[in-house]
Each structure stands twice: as structure tokens, then as C-alpha cells.
Amino acid sequence: MSKLFDPITLGAIPLKNRVALAPMTRSRAGAGEVINATAADYYAQRAGAGLIITEATQISRQGQGYPNTPGLFTDAQVAGWRAVVDAVHAKGGRIVAQLWHVGRVSIPDYQPDGGQPVAPSPVAAKGQAMKPDFTFTPFVTPRALTTDEIAGVVQDYAHAARRAHEAGFDGVEIHAANGYLIDQFLRDGSNTRTDQYGGAIENRVRFLLEVTQAIVAEIGADRVGVRISPVGTNNDMADSDPAALFTHVAAALKPFGLAYLHVIEAEPPHPMAGPEGSPRLAKALREAFGGPLMLNGGLDRAKAEAALADGRADLVSVGVPFLANPDLVDRWKTDAPLNTPDRATFYGGDEKGYTDYPFLETVEA
Ligand SMILES: Cc1cc2nc3c(=O)[nH]c(=O)nc-3n(C[C@H](O)[C@H](O)[C@H](O)COP(=O)(O)O)c2cc1C
């Protein structure tokens, strides 16, 4: 019997099923990085998910690195998100805000002072950033945050969590995956610091734990999740021993009693899979964390059920198929065919490829 459609409670958040909407940047925010009004429709259409995780949402201007991504630190941004949260709740859904600071993969165009982006260390990522006009430019060398500045960034996370609570969100997800600021601290390919935030694994994990502690103090551990991508190479990430690092991360998060740990672990040739031969860590991480584990990456219904059945996960999240199928849970339940995603409309644009994916035809009574 499928467990995918059974309820589960993540900390203080009761879910009606175990299929979450994975966080997906859509780059459609308006002036002042206020989430666009159409987002209320987009997310409400997907309220059949057990949990909706919003697109990554910057905690400060310094944290932005892509065009038209929403923030969650000004009054206008909070008001914008409140409309989204209300629309999802009106449909019986649950929604958490994914909190984001991109660190070194920002560019001066997004920085409040037009200067270098910040990072644990002055190590540039290989690859290209997207400018505000959606064209590409090579990543720049970031400047290392001073110890005092790190405390300020931790406070920015806490502030954004408080604002998420004000907007009515059910909780927040700390984005510690995919090569953004927290991940840059975690992995030794991007963290070459010699202070208490660099070197040994215990030190590289410190920033994540401080952010978690500060957010937990604001909104309670039972409304906080953390997302990690242990073997992912997004944004030029690398670590000499991802198994040791991320098992330590999961164990270090355990005492907080968080709502969930969200792990991206895809199989090649999925674009978010690690290099060939990467360790499969979900099971060990679930054990070390000791709380609900949400697995993501290339999952269809059968793979999702297998992950629940063989002890790798308690629930799953789904990205691209959910983007293109607002009623994905109903379609999975009935083995209905799926809409084809339109990659050209993933980032930026209007309702096309956003709120116009068709629902299954339902017979009206
Ligand atoms: C258009 C798009 C935007 C994404 N934006 C984010 C994001 O804002 N935050 C994040 O953690 N992951 C982001 N991801 C990664 C997804 O959450 C997910 O990990 C990935 O799509 C793999 O899951 P899937 O195979 O079910 O699509 C994005 C993926 C896509 C396709």
C-alpha cells in the first residue's frame, strides 16, 4: 500500500500527504523584489502538495544574485508574501519560505554598494552569473566576510525568519544547498578560512549552526527545515569528503529537533546528480538526523514510493514535474499522464509557463 498519500507531521506542521513542491526560482518578482501577484495563483494551484516550499527568497539585498527573485525583509515584501500564504491556506495547503543568501555567486550589479559579493573566502566560482537583464557574465572573485560581518548575516537570517512568521508562513527552510552562501561555508572547495569558521568540519559547519540557532530562537525548531545537496556540484561546489561532512551536518542538526532535513540526491544523468560514483547518503543522513527526511531529485511516483519503502526518506519533494503539473498529486494517485515542462519559461516572463499549465480534465457533476 502506498504511503505517499498518507499524512505526516513535520514538527508543528501537519501535512495531508508526503509529496512536497520543491523550491523553484521563477524570477518574476516585481519592483522592490516584491513577489508578484500572480504567484498567489501559481502556489494556490499547487496546494494539493503536502507542503509547498517557496522559491528561494533573499534575506537581504546582499543575498540576491539573480534577476527578479523575491525578498523577505521589507514591509512591501512581507505584504506580497502574505497574499501568497493566504491563497495557499485558503486551499488547505501548507507553505514554508526558503531563505537564501547566494554569497559568491552574486555580482556587483545586485550588491547594495555595487561592490564585490561576499563569501567565506576569496575563491571565485567557475561559471557565469545571470545579470538583471537575464544575460550572462563570468562570476567575480568575492571578498571574505569578516568575523563581525558573519554575525550580521546571521542576524539577517533571523530577521527574515521573523518576517516570514509575520507573513503567516507555516515555517521556513534554510537553503544550505546548491552552492550558495551556507554551502560555500560547508565545503572545503570554497571555504579556505583559518578562523573558527574554516578548516575542520566542526568549524565549517559553525555558520549553518549559528543561522539555525538564530532562526530557531525566532520561530521555534518545529517550524524550521534545512536543505542540503551533499554531492551536488551546482555553482562549482566540491568537497574532499562529502560523506563525513554531511553526516556530521545531519548529526549536528539533530539536537535542535527541527521539522525536517531536505536532501537532494539524484541519480546520473540528472543535472543535480553528483559526479559518477558519488556516495549515496540519504539513509545514513536520515539515521544521523533522527527526524523526518525529505528526499528530492528526479523522483517519479515509483521512485518516490521506493525511497519511502526502503528507508531513505519519510517524504519527497518534486520540482520540474510539479512546475508543469499543478495537480501532480492527483495525477500520481491516478497514474494520469503528465504535462511536458516548457524550459523556456522557467525563469522570467508572465503567466505563460507559470499559471497556464492545464489541470486534468475533471467531469463536472
Ligand atoms: C526552474 C528551477 C528553479 C529552481 N530553483 C531552486 C531554488 O530556488 N531553491 C532550491 O533549493 N532549488 C531550486 N531548484 C532545484 C529544485 O528544487 C530541485 O532540487 C530540482 O529540480 C530536482 O528535482 P526534480 O528532479 O524533482 O525537478 C530549482 C530547479 C528548477 C528546475
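What you see is a predicted model, and the numbers here were worked out from it, not measured in a lab. Each ligand, and each atom within it, is numbered from 1 in the order the structure gives.
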Requested in this report: Considering the heavy atoms of Ala22, write down every atom of ligand 1 situated less than 4.0 Å from one of them.
Outcome: 17 (O)
Query raised in the report: Short list, please: which atoms of ligand 1 are under 4.0 Å from a heavy atom of His175?
Result: 9 (N), 10 (C), 11 (O)
**Report entry** Heteroatom proximity flag, Gly298 to ligand 1, N/O under 3.5 Å
**Finding:** yes
Query raised in the report: Can you find an N/O atom of Pro321 closer than 3.5 Å to an N/O atom of ligand 1?
Result: no
Query raised in the report: Does any N/O atom on Ser317 come nearer than 3.5 Å to any N/O atom on ligand 1?
Result: no
Report task. Return the residue, atom name and 0.1 Å-rounded distance of the protein heavy atom closest to atom 31 (C) of ligand 1. Result -> Val320 CG2, 3.6 Å
**Report entry** Any N or O of Gly319 closer than 3.5 Å to N or O of ligand 1
**Finding:** yes
Report task. If the plane angle is over 60° it's perpendicular, under 30° parallel, otherwise tilted; pick one for Tyr180 and Trp100. Result -> perpendicular
Enumerate, atom names and distances included, each donor-acceptor pair closer than 3.5 Å involving a side-chain atom of residues 241-257, sequence neighbours excluded.
{"residue": "Asp241", "atom": "OD1", "partner": "Ala244", "partner atom": "N", "Å": "3.2"}
{"residue": "Thr247", "atom": "OG1", "partner": "Ala243", "partner atom": "O", "Å": "2.5"}

Requested in this report: Could you tell me which atoms of ligand 1, counted from 1 in the order shown, lie closer than 4.0 angstrom to a heavy atom of Gln98?
Outcome: 7 (C), 8 (O), 9 (N), 10 (C), 11 (O)
Requested in this report: List the atom of Met237, the atom of Asp183, and the distance in Å for their closest heavy-atom pair.
Outcome: CE-O, 3.3 Å
Query raised in the report: Under 6.0 Å from the six-membered ring centre of Phe5 and within 45° of its axis: does the NZ or CZ of Lys333 meet both?
Result: yes
Query raised in the report: Do we get Arg26 above Tyr354's six-membered ring, with its NZ or CZ under 6.0 Å from the centre and within 45° of the axis?
Result: no
Query raised in the report: Tell me: protein heavy atom nearest atom 17 (O) of ligand 1, and distance?
Result: Pro23 O, 2.7 Å
Requested in this report: Indicate if Val154 and Leu208 have the same hydrophobic cluster label, given that clusters are the connected sets of ILVMFWY residues with side-chain heavy-atom separations under 4.5 angstrom.
Outcome: yes
Query raised in the report: Do Val318 and ligand 1 have an N or O pair less than 3.5 Å apart?
Result: no
Requested in this report: Look at atom 11 (O) of ligand 1 and say which protein heavy atom is nearest, naming residue and atom and giving the distance to 0.1 Å.
Outcome: Arg227 NH1, 2.6 Å
Requested in this report: Work out whether the distance between some heavy atom of Tyr347 and some atom of ligand 1 is less than 4.0 Å.
Outcome: yes
Query raised in the report: Is Arg26 near ligand 1, meaning one of its heavy atoms is under 4.0 Å from it?
Result: no
For residues 267-280, run the donor-acceptor check on the side chains, cut-off 3.5 Å, and write out each pair with its distance to 0.1 Å, sequence neighbours left out.
{"residue": "Glu267", "atom": "OE2", "partner": "Arg280", "partner atom": "NH2", "Å": "3.3"}
{"residue": "His270", "atom": "ND1", "partner": "Met272", "partner atom": "N", "Å": "2.9"}
{"residue": "His270", "atom": "NE2", "partner": "Gly298", "partner atom": "N", "Å": "3.4"}
{"residue": "Ser278", "atom": "OG", "partner": "Pro275", "partner atom": "O", "Å": "2.5"}
{"residue": "Arg280", "atom": "NH2", "partner": "Ala266", "partner atom": "O", "Å": "3.2"}

Query raised in the report: Taking the inter-plane angle between the rings of Tyr157 and Phe207 on a 0 to 90° scale, is it parallel (under 30°), tilted (30 to 60°) or perpendicular (over 60°)?
Result: perpendicular
Query raised in the report: For ligand 1, which atoms have a heavy atom of Asn178 less than 4.0 angstrom away?
Result: 10 (C), 11 (O), 12 (N)
Query - Heavy atoms from other residues, nucleotides or ligands near CD of Glu287 exceed 12 (cutoff 6.0 Å) - result: no
Report summary line: Ranked by distance from atom 23 (O) of ligand 1, the top protein heavy atom is Asn296 ND2, 3.1 Å
Query raised in the report: Taking both backbone and side-chain atoms of Met272, is any N or O found less than 3.5 Å from an N or O belonging to ligand 1?
Result: no
Query raised in the report: If you measure every N/O of Thr25 against every N/O of ligand 1, is any gap under 3.5 Å?
Result: yes
Requested in this report: Give a yes or no on whether Val118 and Phe185 share a hydrophobic cluster (residues Ile, Leu, Val, Met, Phe, Trp, Tyr; joining criterion: side-chain heavy atoms under 4.5 Å apart).
Outcome: yes
